[in-house]
Amino acid sequence: MEVVIVPDAAAGGELIAEAIAALIARKPDALLGVATGSTPLPIYRALAAKVASGAVDASRTRICQLDEYVGLPAGHPESYRSVVLREVIEPLGLSEASFMGPDGSAEDVQAACEAYDRALAEAGGVDLQLLGIGTDGHIGFNEPCSSLASRTRIKTLTEQTRVDNARFFDDDIEQVPHHVITQGIGTILDARHPILLATGEGKAEAVAQTVEGPVASIVPASALQLHPHATVVVDEAAASKLKLADYFRATYAAKPGWQGL
Ligand code: GLP
């Protein structure tokens, strides 16, 4: 995997927004997989600024969701559908019709998961999948010990993830759902280019294990090592436990600029 160390979160957001802009320039109807959480917000801000300035025409871009809570009432502000509408679809000036996600309120959740995997494939597959990382190394909501071959399915959140996400629910863990739908690790690895952004010291251990540890389901993000074109963008704080940080810096510095991410 390619590891890029940037000074801070804003620089990471700008770099990844440039990669998205380059994708849209060569494929205007690209399918962009988006992640939720705080980490990707600088990407969405940087991309929205490019659209607002006219530098990027995202009008044909299609957006798909990585994961979703199960059982939140329709329109709940913290459902990931609501978050993506608020943070991505509206700022980019897109319509809901350009957006697909798993149905977290489906009566038959398993059928909804299978339908979502089929819909992604029928849409031509994800061109670029944005990812954050949980403090326990999860991607999407693939908690530790998720099968590395898993497809979209229902998962139970760990206590740690519910504690981490309580800040979006009035700091009340009781409001955080126990169950979620998530693209599986196998589904995520089908994306043509997964890009993981991690910022802050709290992610440093998970990043070190993802990048320099063995491929192991206990650290779900480590499965990205199996992808032929995965990129991990980290700020200095999130890179602080990487033994090979200097090597990664030198490698990226020597990369011809035109190659992009
Ligand atoms: C949730 C999401 C993940 C996200 C993670 C980290 O668990 N399902 O996609 O990567 O939170 O969020 P944050 O970026 O806020 O730390």
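Below, all heavy atoms of this structure are taken into account, side chains as well, without hydrogens, waters or symmetry copies. One-based numbering, in listed order, for ligands and for the atoms of each.
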Worksheet item: Is there at least one pair of N or O atoms, one from Gly140 and one from ligand 1, spaced under 3.5 Å apart?
Response: yes

Worksheet item: Quick check: does Asp67 get an N/O under 3.5 Å from an N/O on ligand 1?
Response: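 Yes; at least one N/O pair falls below 3.5 Å.
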
Discussion item. Tell me the nearest of Leu131, Ile133, Thr182, Asp136 to atom 6 (C) of ligand 1, using heavy-atom distances.
Written reply: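 Closest candidate by heavy-atom distance is Ile133.
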
Worksheet item: Counting heavy atoms only, which of Glu68, Arg162, Arg167, Gln183 comes nearest to atom 15 (O) of ligand 1?
Response: Arg167

Worksheet item: Does even one non-hydrogen atom of Glu143 get within less than 4.0 Å of ligand 1?
Response: no

Fill in: Any Val180 heavy atom less than 4.0 Å from ligand 1
no

Practice prompt. Output yes when Arg81 and Glu96 qualify as a salt bridge under the 4.0 Å nitrogen-oxygen rule, no when they do not.
Written response: yes

Fill in: Electrostatic pair Glu205-Lys241, nearest N-O below 4.0 angstrom
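Looking at Glu205 and Lys241, the cut-off is met.
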
Discussion item. Is it the case that the side chain of Gln65 and the backbone of Gly33 share a donor-acceptor pair, with hydrogens and angles ignored and the cut-off at 3.5 Å?
Written reply: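 No, the answer is negative, given that no donor and acceptor are paired below the 3.5 Å cut-off.
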
Practice prompt. May I ask you to check whether over 12 heavy atoms, not counting those of Glu114, lie within 6.0 Å of atom CD?
Written response: yes

Item to complete: Please write down residue, atom name and distance for the protein heavy atom closest to atom 12 (O) of ligand 1.
Response: Gly37 CA, 3.8 Å

Item to complete: Identify the protein heavy atom lying closest to atom 2 (C) of ligand 1, giving its residue, its atom name and the separation to 0.1 Å.
Response: Tyr80 OH, 3.6 Å

Discussion item. Centre-to-centre under 6.0 Å for Phe141 and Tyr80, is that the case here?
Written reply: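 So the answer is yes for these two rings.
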
Worksheet item: Side chain, backbone, both or neither: which part of Thr39 comes within less than 4.0 Å of ligand 1 when only heavy atoms are counted?
Response: both

